[in-house]
Amino acid sequence: MGENKTGIEVEEKSSGKEELLVLDGGFVVPDANAFGHNFRDYDAESERQAGVETFYKINHINQTHDFVKRMREEYGKLDKVEMSLWECCELLNDVIDESDPDLDEPQIEHLLQTAEAIRQDYPNEDWLHLTALIHDLGKVLHHPKFGELPQWAVVGDTFPVGCAFDESIVHHKYFKENPDHSNPAYNTKFGVYKECCGLDNVLMSWGHDDYMYLVAKENKSTLPSAGLFVIRYHSFYALHRAGAYKYLMNKEDEENMKWLKIFNKYDLYSKSKVRIDVEKVKPYYLSLIHKNGNKQHEDSRGDILDHRFRVFSCTDAMQCCSTDFPRNPITIRLRNALLAIVAHRMYLLAAIVRPVSALIS
Ligand SMILES: O[C@H]1[C@H](O)[C@@H](O)[C@H](O)[C@@H](O)[C@H]1O
Ligand SMILES: [Fe+2]
Ligand SMILES: [Fe+2]
């Protein structure tokens, strides 16, 4: 087992030969996932196969245009609890993604595995490190303290609703039982959309991606547009892997797609049983938050911003961890002093409003 300076350990096969693929820079990926199969093989007989397929069956039956609209309205309210970015990462210690054939580790591992892998090859793109760190934070929707949305409404690949479900979507056959599948308003190529309307105008199946995107947008995130694009579409494999739905994209989407394709390599192939040394890499990610804080101190509106910074400095963020959350039915607002990307500042607010049962009924 070797280790490099970013905290990612490089595993050597017992043969002594490193069966690894080299990507853009120093980051290397194994030729098989942690279970000995190809990555994203949804049919391979593995210990995860049946659970993953059941997940997609329920997901595909329930993700309708109407459901997504209601979830966006409710979760876009962003009210109640405040917490730091790092605290939110730590909540993902309790979340395991049932949709993923390649990973059954707690999601905090995945955030750091992805961010560290990107950092290795793109050391100067700190906005991308931050994007990686937060890209799956929306999975807190499944956390009991967040109302515990069922997995089918939080994780898994995403796809547009309001137009025909493309055959390239994983376990496509289960869409037959989705009411939109037989609704003429929603089951044509364009459905409710116009050609080249831009993905921003397209409703995506509800889950951690769109939720985190809403959080970032609502808080006037200064992440570059490519960062927000990565957050909203990183699970949209039908588009970025299979090339489906391209006719919904506009020029800006096409530009941003270049970064999404880069990001995807690290998001997918960094999944492994090799754990990141959290304590070792934590100072780097906290330093981004500190950097943000220092920027605020320099700001002419110092007093207001100082106050915010005090509240959300790393030290306070840690104290925050012991804070109890409201019980269900809950309305939570999350606020994170977030993301220093040199002169960039962002406040993260998140909301969970009421249990999903109330929304679905
Ligand atoms: O972005 C990923 C991807 O779409 C995986 O296929 C899915 O299993 C995960 O839930 C998600 O975070
Ligand atoms: Fe994701
Ligand atoms: Fe991910």
Side-chain angles (χ1 to χ4, degrees), residues 27 29 33-35 37-44 46-60 63 88-89 91-92 94-119 128-143 149-160 166 168-172 174 204-216 227-242 244-245 259-272 276:
F27 175 65
V29 294
N33 71 12
F35 306 94
H37 299 288
N38 290 333
F39 282 86
R40 290 183 60 80
D41 185 340
Y42 288 88
D43 298 316
S46 90
E47 57 195 80
R48 294 194 57 74
Q49 199 282 331
V52 172
E53 183 159 349
T54 304
F55 162 87
Y56 275 109
K57 180 176 180 182
I58 303 169
N59 171 279
H60 289 359
Q63 292 274 357
C88 201
C89 291
L91 279 184
L92 291 189
D94 302 333
V95 176
I96 293 182
D97 184 332
E98 288 171 9
S99 71
D100 198 334
D102 302 315
L103 189 72
D104 61 358
E105 297 293 321
Q107 283 293 308
I108 187 173
E109 285 296 322
H110 172 60
L111 296 180
L112 293 171
Q113 284 174 339
T114 310
E116 284 295 288
I118 289 182
R119 194 176 151 206
L128 197 55
H129 310 166
L130 285 158
T131 300
L133 186 73
I134 68 166
H135 80 284
D136 273 341
L137 269 193
K139 289 180 185 174
V140 292
L141 288 172
H142 180 62
H143 197 283
L149 286 194
Q151 293 253 350
W152 66 262
V154 178
V155 299
D157 285 2
T158 58
F159 44 84
D166 190 81
S168 63
I169 300 168
V170 168
H171 293 306
H172 174 268
Y174 294 118
M204 298 296 296
S205 53
W206 177 254
H208 65 283
D209 315 63
D210 199 26
Y211 175 57
M212 195 59 207
Y213 172 78
L214 284 180
V215 167
L228 296 174
F229 189 87
V230 163
I231 291 171
R232 188 164 196 247
Y233 307 109
H234 72 269
S235 303
F236 190 5
Y237 274 78
L239 174 74
H240 64 72
R241 272 285 166 113
Y245 299 105
W259 280 109
L260 177 54
K261 283 181 185 259
I262 290 170
F263 174 86
N264 176 247
K265 287 181 187 170
Y266 303 92
D267 184 19
L268 179 58
Y269 297 115
S270 67
K271 291 173 183 173
S272 92
I276 296 285

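We count ligands from 1, going down the list as the structure has it; atoms in each ligand are counted the same way.
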State whether the shortest distance between N or O atoms of [X] and N or O atoms of ligand 1 falls below 3.5 angstrom.
{"X": "Asp97", "answer": "yes"}
{"X": "Val155", "answer": "no"}
{"X": "Ser235", "answer": "yes"}

At under 4.0 Å between heavy atoms, is it the side chain or the backbone of [X] that contacts ligand 1, or both, or neither?
{"X": "Asp157", "answer": "both"}
{"X": "Thr158", "answer": "neither"}
{"X": "Tyr42", "answer": "side chain"}

Within the distance-only criterion (no hydrogens, no angle test), does the side chain of [X] pair as donor or acceptor with the backbone N or O of [Y] below 3.5 angstrom?
{"X": "Gln151", "Y": "Phe55", "result": "no"}
{"X": "Gln113", "Y": "Ser272", "result": "yes"}
{"X": "His142", "Y": "Val154", "result": "no"}

State if [X] counts as touching ligand 1 under the rule of any non-hydrogen atom under 4.0 Å.
{"X": "Tyr237", "answer": "yes"}
{"X": "His110", "answer": "no"}
{"X": "His135", "answer": "no"}

note = The protein N, O or S atoms lying under 2.8 Å from the Fe ion (ligand 2) are Asp136 OD1, His208 NE2, His234 NE2
task = Measure the distance from atom 8 (O) of ligand 1 to every protein heavy atom, then report the residue, atom name and distance (to 0.1 Å) of the closest one.
result = Ser99 OG, 2.6 Å
ask   = Would Ile169 and His60 satisfy side-chain contact (heavy atoms from CB on, under 4.5 Å), going step by step from the backbone distance to the final call?
value = CA-CA 10 Å; Ile169 300 168; His60 289 359; 3.9 Å; yes
key: Element-labelled atoms of ligand 1 that are located less than 4.0 Å from some non-hydrogen atom of His234   = 1 (O)
query = Are the charged groups of Arg48 and Asp102 less than 4.0 angstrom apart, N to O?
reply = no
ask   = Does any donor atom in the side chain of Asn33 or Arg40 lie under 3.5 Å from an acceptor atom in the other side chain?
value = no
task = May I ask you to check whether His234 and Asp267 show a side-chain donor-acceptor distance below 3.5 Å?
result = no
